[in-house]
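Just so it is clear, the values below take in all heavy atoms, side chains as well, and ignore hydrogens, waters and symmetry mates. Worth saying up front: this structure is predicted, and the values here are computed from it rather than measured.
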Amino acid sequence: PRLNPCWSERGATFCLPRFFILGEMKCGTTTLYELLLKHPRVLPPKTKEPRFLQTGRFGATTLSRYALEFADAAKRDDAVTFD
């Protein structure tokens, strides 16, 4: 079984993050992000902070656009990804 919540649709696999890193500015989230990336099974999203629940950077945020952030994790059964 995959480590992330994933689904198949029209022959493609899509995944969402297994966990979220939450924090205010200057509280160590970038350090945690960099430490997690040292693990061989941890894959980051394409954008460091996808901000699915915020408007602004991506005007029209959809689940489809959000799932594309984790396309690398969808290619590997043993990968873990996060937001």
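- With sequence neighbours left out, the ring pair (Phe, Tyr, Trp, His ring centres under 6.0 Å) criterion links Phe82 to Phe19, Tyr33.
- With sequence neighbours left out, Thr29 forms a side-chain hydrogen bond (donor to acceptor under 3.5 Å, both in side chains) with no residue at all.
- Not counting sequence neighbours, the partners of Glu9 by the side-chain hydrogen bond (donor to acceptor under 3.5 Å, both in side chains) test are Trp7.
- In the hydrophobic cluster analysis, where Ile, Leu, Val, Met, Phe, Trp and Tyr join through side-chain heavy atoms closer than 4.5 angstrom, Phe70 is grouped together with Phe14.
- Distance CG/Leu16 to CZ/Arg18: 12.0 Å, rounded to 0.5 Å.
- Listed by chain and number, the residues in a ring pair (Phe, Tyr, Trp, His ring centres under 6.0 Å) with Phe52 are Tyr66 (sequence neighbours excluded).
- Applying the disulfide bond (SG atoms under 2.5 Å apart) test to pairs two or more places apart or on separate chains, those with a residue in residues 8-55 are Cys6-Cys15.
- Considering every non-hydrogen atom in both Leu3 and Ala79, the closest pair reads CB-O, 3.7 Å.
- Taking every heavy atom of both residues into account, Pro50 and Arg65 meet most closely at O-NH2, 3.6 Å.
- Taking Ile, Leu, Val, Met, Phe, Trp and Tyr as hydrophobic and joining them when side-chain heavy atoms fall under 4.5 Å apart, one finds Met25 isolated, its cluster having no other members.
- Every pair passing side chain to side chain donor-acceptor pair (under 3.5 Å) that includes a residue from residues 73-82 is listed here, sequence neighbours excluded: Arg2-Asp77, Arg76-Asp78.
- Atom CD of Glu49 sits about 7.0 Å away from atom OG1 of Thr30, to the nearest 0.5 Å.
- Among residues two or more places apart in sequence or in another chain, the side-chain hydrogen bond (donor to acceptor under 3.5 Å, both in side chains) test is passed with Arg41 by none.
- The side-chain hydrogen bond (donor to acceptor under 3.5 Å, both in side chains) check on Asp72 picks up nothing, with sequence neighbours excluded.
- Hydrophobic clustering (ILVMFWY, side-chain heavy atoms < 4.5 Å, transitive): Phe20 and Leu35 are in distinct clusters.
- Listed by chain and number, the hydrophobic cluster partners of Leu68 come to none, as no ILVMFWY side chain reaches under 4.5 Å of it.
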- Please test Val80 against Asn4 for side chain to side chain contact (heavy atoms under 4.5 Å, CB included), starting from the C-alpha separation and ending with a verdict. CA-CA 6 Å; Val80 175; Asn4 297 299; 4.3 Å; yes

